[in-house]
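For the numbers below, each heavy atom of this structure counts, side chains included, while hydrogens, waters and symmetry mates do not. This structure is a prediction, so every number in the text was calculated from the model and none was measured.
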Amino acid sequence: MPVARPEPQEPRVIAHVDMDCFYVQVEQRRNPELRGQPTAVVQYNDWKGGGLIAVSYEARGFGVKRSMRGDEAKRVCPGINLVQVPVARGKADLNLYRSAGSEVVAILASKGKCERASIDEVYLDLTDAAKEMLLQAPPDSPEGIFMEAAKSNILGLPSSDASEKEKNVRAWLCRPDADYEDKLLACGAIIVAQLRVRVLEETQFTCSAGIAHNKMLAKLVSGMHKPAQQTVVPSSSVQGFLASLPVKKMKQLGGKLGSSLQDDLGVETIGDLLSFAEEKLQEQYGVNTGTWLWKIARGISGEEVEDRLLPKSHGCGKTFPGPKALKNSASVKSWLDQLCEELSERIQSDLNQNKRIAQTLTLHARASKENERDSTKKFPSKSCPLRYGTGKIQEDAMKLFESGLHEFLESQNTGWSITSLSVTASKIFDIPSGTSSILRYIKGPSSAASPAIPDSSSVPDDPSLDNNVHVTPIHEEQCEPSISEKEDGKRYSSISAKQCPANEEKRIPKKLPEVKGTSSILKFLSRGQSALHEKRKSDVLICSPQGPGSSSEANKPEEHNVSGQAADRSNINSGGEPSGSNPWLFNVEDIDPAVVEELPLEIQREIQGWIRPSKEPSTKRRGSTISSYFPPARS
DNA sequence: CATTGCTAGATC
DNA sequence: GATCTAGCA
């Protein structure tokens with residue numbers, strides 16, 4: 001249920017930018033022959049022609065709708081081009097669209113706080129940029145890009161014919177007696193128009209946008225005039241606009257809550273909500289939601305634009321409808337392996353490119369039992385600490401599945417079938433790359449450290465217990481060039497399996513921070529703190545006492561990714577950017593506080609920052625991190 | 001389960 | 001952590 005946020009006093013300028021039929025545009029850029037044609041993107045096509053997930057405006061003109069089947073679309077529009085989503089590992093692969101979305105975000109993030117809201121939508125807080133523009137160059141000269149802004153749609157302005165509209169808009173944008181708030185909004189509209197032009201020039205994609213004083217209103221109108229247009233919401237037009245807005249159109253009211261408003265309170269439009277006292281709404285829906293409803297009816301929304309360009313989780317899944325349902329462990333395992341392979345690749349990229357580490361692995365499934373129809377029983381979701389390495393993820397995911405299955409079956413001996421599977425990596429943290437990116441880990445044993453062994457009964461001793469310190473080999477193709485400076489050919493190495501005490505370690509009683517073979521903190525401590533201070537080369541100190549170059553090369557993706565192990569890293573150069581090299585992985589929660597206390601203060605602070613990453617902007621992101629995520633923006 | 005495959009947020 | 005709601009291509 002939605003919750004109201006305290007709203008800022010100062011008026012803000014917020015934009016919501018939404019790509020026009022995004023997947024179609026991505027495909028049209030790949031194959032320009034599709035431009036201007038009725039086109040749709042479909043997922044799979046073996047069953048009724050596949051499901052449409054994006055439809056071009058030309059195709060919409062023929063009555064083609066999303067969620068039609070390919071066959072149906074062909075009937076309605078025989079000339080339609082149906083482009084299939086790429087398939088990898090037997091499942092739809094959306095990476096093409098994800099990276100296209102990132103191109104757009106990289107551009108839109110240039111003018112203010114930017115929040116990636118979905119693969120093709122962002123919110124911008126342009127308050128500062130708009131104020132600056134107002135101070136330096138009030139919108140009065142119809143030059144250059146200003147022409148674009150003058151094409152905005154202004155909510156509440158009479159916009160009869162096209163030329164009339166532009167004239168009115170220009171008058172609105174430039175009127176000298178405008179409210180300060182309206183002037184800010186006008187500046188926001190100009191900035192957004194500029195950004196949209198840049199997006200088009202640099203990516204060939206068109207988008208639409210809404211500009212208003214809060215996220216809710218910006219989002220509401222971003223799709224009002226599509227494609228490739230923008231709409232501004234002056235304060236003066238808010239009430240009139242909301243008065244007739246069907247409740248279901250409001251974000252958060254498209255589902256059960258909106259239905260309840262209609263069915264239980266007879267509320268059909270947002271305007272209808274105005275007649276309910278805040279207390280009344282609170283008693284019906286609780287304090288939080290009641291207050292939220294009361295406020296949105298008045299156009300009030302305090303939600304802030306988060307400064308976040310990257311997704312908070314990575315998930316991949318697949319459904320197995322009807323006859324495709326999975327009915328034995330072997331088929332589940334092979335599909336789970338495929339899903340985990342993709343997931344592993346994605347989190348590995350995130351680590352290499354963005355220096356972020358995911359900490360939790362979650363498995364979701366849908367299932368039904370043989371015989372038992374209806375069976376409202378749900379297959380339980382399960383999570384565990386995430387260990388890097390495809391093999392480990394596969395292993396852990398399978399354990400989570402087995403654990404969930406036992407619970408689902410309640411020790412009945414009936415047949416089962418799985419109709420969907422998904423794995424998700426979440427709780428993703430930035431790795432500070434600044435100072436002593438030394439960060440290493442340690443781990444303390446708490447039971448939380450061992451992943452996925454919920455059902456210990458089935459598996460005697462789980463190898464995954466060794467996951468204290470994870471070393472992650474970088475995938476070959478993802479290694480960054482800088483790594484090679486150090487030792488060509490062999491960018492990093494990991495200690496060979498036999499040196500690795502992984503197997504022994506798993507039997508080490510908890511609480512014992514890894515001692516042997518691990519480079520971790522112990523080595524660091526044994527050298528005394530002073531060592532740390534002399535240089536930032538902590539990597540050398542900690543990872544490989546003999547020096548980075550000396551370690552052997554055993555760069556195999558995953559399984560050799562022995563945990564508990566120290567691997568060499570590319571980050572040898574002192575203070576320099578740990579560029580692409582892969583840092584060690586660790587579970588933040590596994591850091592033994594007792595050990596941390598023994599570290600030098602400066603390191604302690606750094607680690608603390610990790611464990612509880614500040615929500616404040618300050619420590620939040622580093623430019624280098626972000627920029628490396630996106631393809632180089634041409635300028 | 002024939003919409004599929006993602007995401008994010010709130011609640012307890 | 002597990003579950004539920006919601007939104008979007």
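- Within the nucleic acid shown, A:K251 comes within 4.0 Å of sugar-phosphate atoms alone, with no base atom in reach, counting heavy atoms only.
- Contacts of A:S67 with the nucleic acid, taken as non-hydrogen atoms under 4.0 Å apart, include base atoms.
- Within the 4.0 angstrom heavy-atom criterion, only backbone atoms of the sugar-phosphate kind lie near A:R69; the bases stay farther away.
- At a threshold of 4.0 angstrom between heavy atoms, the contacts of A:R60 with the nucleic acid are absent.
- When the side-chain nitrogen and oxygen atoms of A:R5 are compared with OP1 and OP2 of B:dA10, one or more of them lie within a distance under 4.0 Å.
- Relative to the side chain of A:T360, the nucleotides C:dA9, C:dG7, C:dG1 differ in distance, and C:dG1 lies closest.
- Of the listed nucleotides (B:dA8, B:dC6, C:dA2), B:dA8 has the atom at the smallest distance from the side chain of A:K312.
- Using a 4.0 Å heavy-atom cutoff across all strands shown, A:I119 reaches no nucleic acid atom at all.
- Among the protein residues, A:C316 comes within range of the sugar-phosphate backbone only, with heavy atoms under 4.0 Å from sugar or phosphate atoms but none that close to a base.
- When the nearest nucleotides of DNA chain B are assigned to A:N288 and A:D93 by heavy-atom distance, the more 5′-ward of the two goes with A:D93.
- The phosphate of B:dC6 has neither OP1 nor OP2 within less than 4.0 Å of any side-chain N or O from A:S422.
- Of the P atoms belonging to B:dA2 and C:dC8, the separation is 24 Å, rounded to the nearest Å.
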